[in-house]
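Report on the following structure.
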There are 2 protein chains.
Amino acid sequence: MQNSEAMALSASLLAVAGELTQRINEGVVARGFDGLRPAHGFAFARLAPDGATATELAAHLGVTKQAASQLVDEIVRRGFAERRPHPGDARARLVVLTERGWACTRAAEEAAAEVVRGWADVLGESEVRALWEQLWRIAPYGPVRPAW
Amino acid sequence: MQNSEAMALSASLLAVAGELTQRINEGVVARGFDGLRPAHGFAFARLAPDGATATELAAHLGVTKQAASQLVDEIVRRGFAERRPHPGDARARLVVLTERGWACTRAAEEAAAEVVRGWADVLGESEVRALWEQLWRIAPYGPVRPAW
DNA sequence: TCATATGGTCAAGCGGCTTGACCATATTGC
DNA sequence: GCAATATGGTCAAGCCGCTTGACCATATGA
């Protein structure tokens, strides 16, 4: 594949990613969770399964632990998460989502589903699943972080 | 498709996009163009064909014209572009890439090609082309902008 | 020709992030 | 056990990219 083709593919991918990010964020805001930025969503994605420490979050987002801690301050202040003592490490604090945090996560999922439905209208459901599988094979466990 | 599946697809896409952005930028830096951020690349993408005004660039990047003008200052100062009088509008200035700017663009294309070759190793060339076509159909003319 | 719109710049301020220093607790090597 | 080092977290200061607001010069249209 020629370099210019690779760049065109890259541009398409980045355009789709940019629009997806924007529309998920808009969807979340439209569902009543305002004042949130995409970075919060990336944080939620890491916190959702079992919580995480601020340092783990920092690694996931690709920022310093101070920045991550500041982000946690913000989502705690807004009631989306809370800090708990970490079981087994008295230095650390486990940040876990509150019910409100889960509600926000579900809102993001709904917004994502709306966007993906639009793709299915264009490509068909099976091609969307093919797309998913291809992307999954390319980046199976990459951190979802704001890269620019 | 379930909401959680749509979110998983979204996460994969964003992970791939984030890694792609990072690796293109690293590739550009490795080729001797340091001090550039991804935002510069997005600007180059808009300037490359025939140049653009600062205001057009602002619309493309999704920032204010002041911010775009500042970005142009920077790439002009570094010798990647120059401001020319706009043919047909004495208020405007047409920003066009210099030879150095083109060299940088080619470096970015090479870096993108490297990443995409990695994808081809995993998926095969034909599936990569299928991926390209699917993405193209989803976002045929979306602006490539940093969305978060 | 005057009113309005548009491209661009200057200036001030904000906010997210970084660097640097520091404390408390864990972990490791002796 | 205990000192040395590593690690999670916070506080403080500053940087830098971006925004808002004001303004000038040129275009556009009634």
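Chain letters run A, B, ... following the sequence lines, proteins first, then strands; residues in each count from 1. These figures come from a predicted structure and were not determined experimentally.
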Note: for Q70(B) and K65(B) on DNA chain D, the residue whose nearest nucleotide lies more 5' is Q70(B)
R31(A) (side chain) donor-acceptor with G27(A) (main chain) under 3.5 angstrom:
yes
What is the distance from CG of L57(A) to C1' of dG16(C), rounded to the nearest Å?
15 Å
Using a 4.0 Å heavy-atom cut-off, does A54(B) contact any base of the nucleic acid, only the sugar-phosphate backbone, or nothing at all?
sugar-phosphate
Would you mind reading off the distance between F42(B) atom CZ and dG17(D) atom C1', rounded to a whole angstrom?
15 Å
Global bending angle along the helix from dT1(C)-dA30(D) to dC30(C)-dG1(D), which compares the axes of five pairs at either end, to 10 degrees
30°
Atom CZ of R77(B) to atom C1' of dC16(D): distance rounded to whole Å?
12 Å
Within-4.5 Å side-chain heavy-atom neighbours: V29(B) and R37(B):
no
Indicate yes or no for a side-chain donor-acceptor contact from E127(B) to the backbone of G124(B) under 3.5 Å, with no hydrogens or angles considered.
no
Do I75(A) and F44(A) have side-chain heavy atoms sitting under 4.5 Å apart?
yes
Rounded distance in Å - CD (E56(B)) to P (dG7(C))
8 Å
Under 4.0 Å from OP1 or OP2 of dG8(D): is there any side-chain N or O of T53(A) that close?
no
S69(A) near the nucleic acid: base, sugar-phosphate alone, or nothing, with a heavy-atom cut-off under 4.0 Å?
sugar-phosphate
Classify the side chain of Q66(B) versus the base of dG21(D) as yes if they form a donor-acceptor pair under 3.5 Å and no if they do not.
yes
With a 4.5 Å cut-off on side-chain heavy-atom distances among I, L, V, M, F, W and Y, is there a chain of contacts connecting V115(A) to L131(B)?
yes
Nucleotide dG17(D), atom C1' - distance to CD1 of I75(B) in whole Å:
15 Å
Sub-3.5 Å donor-acceptor pair from the side chain of T55(B) to the main-chain atoms of K65(B), do we have one?
no
E82(B) and R100(B): salt bridge (Lys or Arg N to Asp or Glu O under 4.0 Å), yes or no, with the steps?
CA-CA 11 Å; E82(B) 56 186 16; R100(B) 181 168 154 82; over 6 Å; no
Does S10(A) reach the main-chain N or O of A112(B) with its side chain, forming a donor-acceptor pair under 3.5 Å?
no
Any T55(A) side-chain nitrogen or oxygen under 4.0 Å from OP1 or OP2 of dG9(D):
yes
Check step by step if salt bridge (Lys or Arg N to Asp or Glu O under 4.0 Å) holds for E125(B) and R129(B).
CA-CA 6 Å; E125(B) 173 102 5; R129(B) 289 194 178 274; 3.5 Å; yes
Close approaches to DNA chain C from residues 27-37 of chain B, in residue order (heavy atom, under 4.0 Å)
none
Closer than 3.5 angstrom, by distance alone: can the side chain of E19(B) be matched with the main-chain N or O of V16(B) as a donor-acceptor pair?
no
Residue-level proximity of residues 79-97 of chain A to DNA chain D when a heavy atom falls under 4.0 Å
R83(A), R91(A), A92(A), R93(A)
Rounded interatomic separation in angstrom, taking CG from L71(B) and C1' from dT19(D)
15 Å
Quick one, E114(B) with R23(B), criterion salt bridge (Lys or Arg N to Asp or Glu O under 4.0 Å). Give me CA distance, side-chain angles, the key distance, then yes/no.
CA-CA 9 Å; E114(B) 271 187 9; R23(B) 291 194 51 193; 5.1 Å; no
One thing to verify: whether E99(A) and R106(A) come together as a salt bridge, which I'm taking to mean a side-chain N less than 4.0 angstrom from a carboxylate O.
yes
